[in-house]
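Reading through the structure tokens given below for one structure.
We name chains A, B, ... by the order of the sequence lines, and we start the count at 1 in each one.
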Amino acid sequence: MRWIGLGGMASAAVLAGALPATAAARDRQLQGSAAVTGSISVTWHGDPARGCAAAGLCGYRGSLTLRPGPTGDVELDLVRGRLAFGFLALDAHDPTPVRVTREPAGGGEPGGCVDLVGAPEADLQLVPSGHGRARVQFESAGLSSGRCAGPALAKALALVPSRTVSIARLLSGGAPIDMSGQSGYASGHFSGRVVSTLRMRVGRARAVRNEPIPPGLLPPPSRRPRRPAVRVARVDVRYGVASMVGSVSTAFDGLPEPGCLPFDACDASGTATWAAIAHSGVVEVSGVARVPRSAHGVRDALAALRSGRGVLVVEGLMPHAKGTTTAEVTRPGAESCRDAVPVRAPDFALTFATRRFPLLLGGDQALGRGDVVRTGCPGPTQLDAFGRGSLASGSLPIAALGRRRVELTLTRGGRFSGGGYAGARTGRFTVELRRERLTVSYRHALVEP
Amino acid sequence: VSRLAALSAALALGAALAPAASAQIPIFILDNGAKTTEIEFIDARVTGAVTVDFHGDAAAGCAEHGLCGVSGTVTWSPAGTALLGAIGFRDHGQRFESGLLIFAGEGGGSGITQLTSAHVRRSGAAGTPPALCSDSVSDDFGAADPGTQAGSSLALSLTGAPDGFVATDNFRTRCAGPAQVDVRDLLPTRVLSPRDLHRGRVTLDYSADRQFASHGLAGTLHSDVTLRLGKARRLDLGGPQNGLSEPDLPTHRRRLLEVEYRIDRVMGQAVTSVGGLTDPDLCGPLDSCGLLGTVTVAPRATGGSVFVDASAAPSRSVHDLRRAVGLAPGPRPPGISVFAGGSWDSDFGAVTSSFTRGGAADCADEARIAGGGSLSLAFMRHGVRAAYGDLGGGSGSGSDPLRTRCPGPGLADVARSRPLASGLVPLRAWGRSRVTLRLTTGAAFSSDGWSGRTAPDVTVELTRVRVVSSVRSEPAFKAARRILLRAVPAEARRAVARIVRRDWSGDGARAHGRAARSGAR
């Protein structure tokens, strides 16, 4: 037997369609293409005025140039005839090279780091700005200096000029958008320039015809199940994050040649530690379990979940958690690099469980807010050191669910190798949760064989 | 026997995945020309890398090439998963073996199947620190074509045959350094016996430590690459039992018009004037600051072919198809797809680089254009856009006609938005038996560390040799795709899909043309 998920029910309701016909007629999705030329270059160099000498970063200078492909995809969502949201997705799937040179203070052999970073999400957001116009602004979550020394690039990329265009002109096609311009920026111990020569011409957008939903996917209208549905209890517990304290650390060395060569990592070694603290945030736990007809109240619902007959969904966020990554990279006979950058904590990942109450910090299923391993110094990335998994994880027996106060210890260990570096990772966090709300509801639900 | 089998193997996978290539499915052409006996697919794992340490060497003529102060390392890493397709077939009673080794990379959605990185130092004037050029070039399609070999065994090298279908220079970066032709013979070749091909599960050791001296550079090549082959999976194309035979697939009927031209002559040159960018943050990492020069590509060929295939619903007249390809007067009618391209296997031309730095002579080199050449042709409403050196929107794969041992931009930099040489030929010109394509349109470019402009004047002369019209049943594209998807691992599928999508008008079109021609035999 398998439970029909609550999400599935919700999807079915959406599929059934509840929008009024008139509103739906005026809500349209339009798609088109754009001819794209030009590129976005970001350069940087250690800046004495920003303390690069103390950080050992004055000898570094580097650049990356994002070169989108010649065509982009445009999508516009119109609600009641007005632009609600739109974007122009750039074809930026080819890896973008990052090149950084290292010129040792007082002469000596220079070093060069080259990395290839992806920017698959590089696009231009079209944000309504009133009076029938939309602001076009560049967004790229993926661009970074990779494993090479360099600043966080978000600040620099925010300086790519934005433009305001007429939505009517955008829809009719042929609208030129000139995003070219240049400006200086400063970030961390670096300063540099952003130069955009990006220009595009948007073609005529055409309405997307929604494919009819195959009849088999829609639930039969208002037909009641002949068999009685089973009884389930749903428990929702909201915990506040009273505190989260801890850190993750990586200790790394450059791989032997030739693995270290592209990243200027030969003979380099270092550490990076991200320490984080939070006194706010929420963790939401929802559980559904089959219960007998006689079950009622909080106690029976929790007992059903604790028996392992249900499923738990856990996720959480800590939007105000503070964290700092501190790194030091040394190489024999050369100046050491030391840097510290603020990196906010990722969310707790969406997790499913049956017999444990798990908590995962970060990972693929959580919204990240930066690379917790990288600073302005060269070194491995979070993806190298932690992969796509969480930074740390832990769990309690499911019996702990519903308690007024729970404390979890999240840990992570292991070794990593790749991307020019090899090393060890450790992580330990203590998370104290305080129950803020607990609700229980009973209902009948369908089961499928 | 041509390299038909190897090409078809790649295209058998690729065509089934190419979204726009529904008109021709070379897998079914594969066993029409030669008698294909079997195809083996073998999943493989590649570990290790090939590293070349080099330096300017007086005995090798570094002074002549301006490479005396240069030293460095270039590393080619094909590590990751791979797929070996081996094809056995008979032609005129003789047994041949061919195939294709496709590097599929480490996966993870990076799109990188192989990576070449270089660190090249250039000693400066006395008292100044050496300058460093660092570069990495990724490739989203990497493969080695062993060529067609007599017998039942397959000799497999990591770089493929010198004039193989995939003529990628695996050691090419934007820095100075040896060309693949300088070190190719230092890498071992391993022979897969018929038993190995049928069973798989063998490890090929490509380790080597050897020295070279060529064109001003000398040094050592070190390889610790191993290729571990998994279990072989056989696909007998002729047999109905494997679900791949033609009758098993749904078909649809199309009216086809196939026109073939012989390439009589390719001549002229495309001069690319290049200069290092002025921003030290941009030119510094590639050591291109202050460099000025030209890269002159002069293709020379007296063979090859161009195909022009038009297809439409059977209800359309042959005259409509003839209009679509310029054989009959009038504008191109709608609703007819035209697919065209051309290639030549051997190019006797050369590419010449000549650079100065700060007014003084720097690097100078000349190399033969590797891997032949290709022509992309786009039939539009009133004319045909012909192009030589067309990336087709991709980057960095296949033969790079700009490659010498000097530093400088590659075709991926110069032709990223516009081909190296292109021209618009009126549709009516294709009505004559002899067609002359003048490619005189170049373009400015600005790329990593370099900017410049191309000034081409390339002429391609064609003679029409064949026109065939027919109505044929063709396998429905989606069904073939569905079946073939089961046969190959995901990474290889993605890799092949990429090259076909990107190079269909270039190398892919060239291969497609050969396969199509052969299928019509």
Side-chain angles (χ1 to χ4, degrees), chain A residues 35-39 41-45 60-65 67-71 91 93-104 106-118 120 146 148 182 190 192-193 195 197 257-264 266 383 387-388 418 420, chain B residues 48-53 72-77 79 106 108-112 115-121 127-140 173-175 222 224 277 279-287 391 393-396 412-413 416-418 446-449 498:
Chain A
V36 181
T37 61
S39 61
S41 292
V42 186
T43 65
W44 59 87
H45 54 264
Y60 291 92
R61 61 172 60 231
S63 67
L64 69 78
T65 302
R67 299 182 192 282
T71 55
D91 174 7
H93 290 93
D94 285 346
T96 299
V98 175
R99 295 187 178 84
V100 176
T101 54
R102 175 178 55 84
E103 290 170 7
E109 282 288 303
C113 173
V114 187
D115 199 1
L116 297 162
V117 297
C148 305
Q182 57 179 299
F190 298 89
R193 293 194 72 73
V195 180
T197 57
E257 290 191 32
C260 62
L261 284 170
F263 308 101
D264 189 24
C266 304
L383 191 62
R388 299 190 183 278
Chain B
V50 182
T51 303
V52 181
D53 291 310
T73 303
V74 58
T75 303
W76 170 52
S77 171
E106 292 288 4
S110 67
I112 299 172
L115 186 71
T116 303
S117 61
H119 289 260
V120 181
R121 285 173 170 75
T128 60
L132 179 69
C133 173
S134 300
D135 194 22
S136 281
V137 175
S138 66
D139 209 335
D140 59 3
T173 68
R174 296 172 185 86
C175 305
H222 170 77
D224 62 353
L277 296 175
D279 185 336
D281 288 344
L282 291 169
C283 63
L286 284 167
D287 190 27
L391 276 181
S395 65
D413 299 312
R416 185 171 180 88
S417 54
R418 292 276 190 84
S446 179
S447 186
D448 293 15
R498 272 193 208 105

Donor-acceptor check, side chain of A/Arg99 to backbone of B/Cys133, threshold 3.5 angstrom: yes or no? no
Report the option among B/Gly284, B/Ser446, B/Ala118 that has the most heavy-atom pairs separated by less than 4.5 Å from atoms of chain A. B/Ser446
Find the one option among A/Leu261, A/Thr65, A/Val100, A/Asp264 whose heavy-atom pairs under 4.5 Å with chain B are most numerous. A/Leu261
Side chains of B/Thr73 and A/Pro258: does their closest heavy-atom pair fall under 4.5 Å? no
Could you tell me whether a side-chain N or O of B/Arg416 sits under 3.5 Å from a main-chain N or O of A/Arg67, the two making a donor and an acceptor? yes
Counting only heavy atoms not in A/Arg193, do more than 12 sit closer than 6.0 Å to its CZ atom? yes
Which pair of non-hydrogen atoms, one from B/Arg121 and one from A/Pro110, has the smallest distance, and what is that distance? NH2-O, 3.0 Å
What part of B/Ser447 is in contact with chain A, defined as an atom under 4.5 angstrom from a non-hydrogen atom: side chain, backbone, both or neither? both
Examine whether an atom of B/Ser117 lies under 4.5 Å from a heavy atom of chain A, and if so say whether it belongs to the side chain, the backbone or both; otherwise answer neither. side chain
Considering only heavy atoms, which portion of B/Asp279 lies under 4.5 Å from any heavy atom of chain A: side chain, backbone, both, or neither? side chain
Please round to the nearest 0.5 Å and tell me the distance separating atom CG of A/Leu64 and atom CG of B/Asp448. 9.5 Å
Can you check whether A/Val195 reaches B/Leu282 side chain to side chain, under 4.5 Å on heavy atoms? no
Side chain, backbone, both or neither: which part of B/Thr51 has a heavy atom under 4.5 Å from chain A? side chain
